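Working notes for the structure below.
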Protein chains: 2
Amino acid sequence: MQMDERKRKILRAIVQDYIATAEPVGSRTIARKFDLGVSPATIRNEMADLEELGFIEQPYTSAGRIPSDAGYRYFVDCLMDAQTLSDEDKEIIERESTKKICEIQEVVSHTSRLLSELTSLTSLVLGPQKGKSAFGKMHFLPYRPGQVIMVIVKENGVVENHIVDVGETITAEDLQKVADVFNQKMKGYSLNQVKRSILHEIYSELSRQRHLIDNALEMLDAILDGSEEDEPIYLGGTLNMLNQPEFRDLDKVKSLFKVFEENEPLKKLLLPRQEGLNVTIGGENTLKEFRDCSVISATYKVNGKTIGAVGVLGPTRMDYGKVIAIVDFMTKSLTEVLARGKPRGYK
Amino acid sequence: MQMDERKRKILRAIVQDYIATAEPVGSRTIARKFDLGVSPATIRNEMADLEELGFIEQPYTSAGRIPSDAGYRYFVDCLMDAQTLSDEDKEIIERESTKKICEIQEVVSHTSRLLSELTSLTSLVLGPQKGKSAFGKMHFLPYRPGQVIMVIVKENGVVENHIVDVGETITAEDLQKVADVFNQKMKGYSLNQVKRSILHEIYSELSRQRHLIDNALEMLDAILDGSEEDEPIYLGGTLNMLNQPEFRDLDKVKSLFKVFEENEPLKKLLLPRQEGLNVTIGGENTLKEFRDCSVISATYKVNGKTIGAVGVLGPTRMDYGKVIAIVDFMTKSLTEVLARGKPRGYK
DNA sequence: TGTTAGCACTCTCCTCTGATGAGTGCTAAC
DNA sequence: GTTAGCACTCATCAGAGGAGAGTGCTAACA
């Protein structure tokens, strides 16, 4: 059996109506609401075919039909009109994006809030990956007796400061010397790249400051390596999920929100199989908590390099056209903001 | 009508049983479970009195009784045995508190997690108030052409760094001079203390670096004043609320979680009317979302000075004895950790 | 006078029932 | 190939009735 034009029209009608009403769609409803020029009986026949093809299913005998995951997939890939953003939404995004923003975190949280507000769904934002954060420069500043401030400038421009214990006896010259050696030997390297060779050099050149160096290295370890791994995902509008009829069930809500508290599953959800825009529908998500959900995600770039991703999570019964348009526009706007504003936090 | 010993015993029995079962308590249940030496009929008579006194109420005719807010209040004030922590819990807290922790944020999030895990309720933690964060010291470090790193050490020991735009033409000596003037004039002052007098002096001494100073002041504004106001409250175990039978209702959950997203109401909830341990029961909370909730909160100290608070939020039907013991022990442990570890972030 | 047993009464909760209505699949006619 | 007609299925809802828990009242008892 093949899809023909009428089957396509009927499938589209079913998906659209179900997205709008969250109720199983019957043949009469389609005949009434969508002008296909055929009777309910004919539509019933076609619907039987569509069910056999796996695009729709019946919750129970003699209920209407609802789209299956495959049905949504066919809809997204073949039936959907490319929708454009409403001027209103466009304006909101643009107005927001012209605000002056200096911290990268603010950009991320803004984006997250905006996405969830526009879609009335849950947003996921993965902040700019900082890239392998190599050592850039080290400074020491006086703090308290026996302690100094160690300021580390990473190669990607991020600046961090940490308090380091040093003996009371250390002199400003000693500190300067330590910084000089580090700056000379470690520039451009991440810590695990240098573990063996360079470390030996540093140790031998600065044998007297062994205590300080150990402390400094411990800090560097945390600063340079830790930062990449647990890049948090920003969630926005999680409460919107509670408005969706598919989450009337408290147990479902509980298990969903439990997953929201972890980072790994969300990352998996968001990180695309390929560059650009991705649509993951229902069971295509591996996690069972997301079996009734779809994710529209997209990556964004700076200097042509992909450095992060945004996404929207909602029930499979979501308005794909609208959400895709919003996510698409948003990533472009974001790319632009980042290129223009150069907030701190990435190279 | 007066409370006598038997009424007290019965009220205690009702509260304890209702806390344990979440079901209205009948006279027969009390006679069976608690050995009062009287028949259900007698207990019924007493219960009628207790109802008249306002300590218990009936959800509907011929259901058992449940404690009213006043009943809980009487229970907490007069009937509760001072409970001590189980050795198990004590050990958990102490094990946790011996971990080496260097960032104040970690202490706060640890505390929050621990509280919610031990009580199976929701925890609220207000991190150490940083106190009026006065200016301590300013340093400049080279960054990129036209930009420098401004490192601000506040008087309370917190170190922050920010990138500041300077002209390309500025020299290291100029920067040093700016820093010197700031360090000399502003030490110990918060920004709004100096707005008029000192600012004029700084401007006149450094008229050439007007642009840099404006940028620096803008930063200082954000660093020194902003930090106090919106001190966030850490929430832990919000999902535990979903396990409480009083939150079976999705609408209740929704409005509760909505409040969780705001800071102000939570702060009101947590900040005590007086030093030490506070118990706020049901309607004693002003916000209607918390009418079915109680809060056990307590302040903690460093160097004898109250600098923060922790609390536990649960349904009015919570195990007051246990929770009070946990909160009490926790604040003491926290006070100790902070006194010992001296993590960064407060004076 | 306080306590208790007995009893009628109330109200929730659960289950069963039948009616309703939406929607289907099949068949036969167009 | 399309359509009208019709029997059938199943969820949903309201109402009825029984079970069970618990009460308040009364009268008897110590």
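Small disclaimer: the values here were computed from a predicted structure and weren't measured. Lettering of chains follows the sequences in order, A, B, ..., and the numbering in each one begins at 1.
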Would you please classify the geometry between the F55(A) ring and the Y74(A) ring as parallel, tilted or perpendicular, with 30° and 60° separating the classes?
tilted
*asked:* Counting the atoms with a prime plus P, OP1 and OP2 as sugar-phosphate, which does A63(B) contact under 4.0 Å by heavy atoms, base, sugar-phosphate, or nothing?
replied: sugar-phosphate
message: I'd like to know if S39(A) reaches the base of dT3(D) with its side chain such that a donor and an acceptor end up less than 3.5 angstrom apart.
response: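 There is none.
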Please determine if [X] and [Y] form a salt bridge, counting it only when a charged side-chain N lies under 4.0 Å from a carboxylate O.
| X | Y | answer |
| --- | --- | --- |
| K9(A) | E5(A) | no |
| R113(A) | E117(A) | yes |
| D69(B) | R73(B) | no |
| D292(A) | K252(A) | yes |

Looking at dT2(D), I'd like to know if its phosphate oxygens (OP1 or OP2) sit under 4.0 Å from a side-chain N or O belonging to R6(A).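 The answer is yes; a side-chain N or O of R6(A) sits under 4.0 Å from OP1 or OP2.
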Expected list for residues 9-31 of chain A near DNA chain D, using heavy atoms below 4.0 Å, is none
| message | Can a side-chain donor-acceptor contact be found between K268(B) and N285(B) if the only test is distance below 3.5 angstrom? | response |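 K268(B) and N285(B) do not have a side-chain donor-acceptor pair below 3.5 Å.
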Does the side chain of T111(A) pick up a donor-acceptor pair with the side chain of Y234(A) at under 3.5 Å? no
Exercise. Mind listing the residues from residues 51-61 of chain B sitting with a heavy atom below 4.0 Å of DNA chain C? Number order is fine.
Key: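 Close to the strand are Y60(B), T61(B).
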Tabulate below the donor-acceptor pairs under 3.5 Å that side-chain atoms of residues 13-31 of chain A make, not counting sequence neighbours, or state none.
unit_1 : atom_1 : unit_2 : atom_2 : d
D17(A) : OD1    : K33(A) : NZ     : 2.7
T21(A) : OG1    : D17(A) : O      : 2.9
T21(A) : OG1    : E23(A) : N      : 3.1
S27(A) : OG     : R44(A) : NH1    : 3.3

Stems where DNA chain C pairs, listed by first number, each of three or more Watson-Crick or G-U pairs under 3.5 Å: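 Result, WC/G-U stems under 3.5 Å: C:1-30 with D:1-30.
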[N] [atom2] sits how many Å from [X] [atom1], rounded?
| X | N | atom1 | atom2 | answer |
| --- | --- | --- | --- | --- |
| K33(B) | dG22(D) | NZ | P | 10 Å |
| I43(A) | dT2(D) | CD1 | C1' | 12 Å |
| M47(B) | dG22(D) | CE | C1' | 9 Å |

At a 4.0 Å cut-off to heavy atoms of chain A, the contacted part of DNA chain C spans dA22(C) to dG25(C)
Side-chain polar contacts of residues 57-66 of chain B - donor-acceptor pairs under 3.5 angstrom, sequence neighbours left out - could you list them?
unit_1 : atom_1 : unit_2 : atom_2 : d
Q58(B) : NE2    : A63(B) : O      : 3.2
R65(B) : NE     : E51(B) : OE1    : 2.8
R65(B) : NH2    : E51(B) : OE1    : 2.8

Assuming nearest nucleotide by heavy-atom distance, tell me which of S62(B) and R44(B) is located more 5' along DNA chain C.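 It is R44(B), whose closest nucleotide lies nearer the 5' terminus.
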Just by distance, do the side chain of S116(B) and the backbone of S123(B) share a donor-acceptor pair under 3.5 Å?
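Between the backbone of S123(B) and the side chain of S116(B) there is no qualifying donor-acceptor contact (under 3.5 Å).
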Pair F257(B)-F260(B), ring-ring contact (aromatic ring centres under 6.0 Å, His included): steps then yes or no:
CA-CA 5 Å; F257(B) 276 49; F260(B) 281 169; 5.5 Å; yes
Student check: side-chain heavy atoms of F247(B) and L242(B) closer than 4.5 Å
no
Discussion item. For the CG atom of L271(B) and the CD1 atom of I233(B), what is their distance to the nearest 0.5 Å?
Written reply: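 The distance works out to 6.5 Å.
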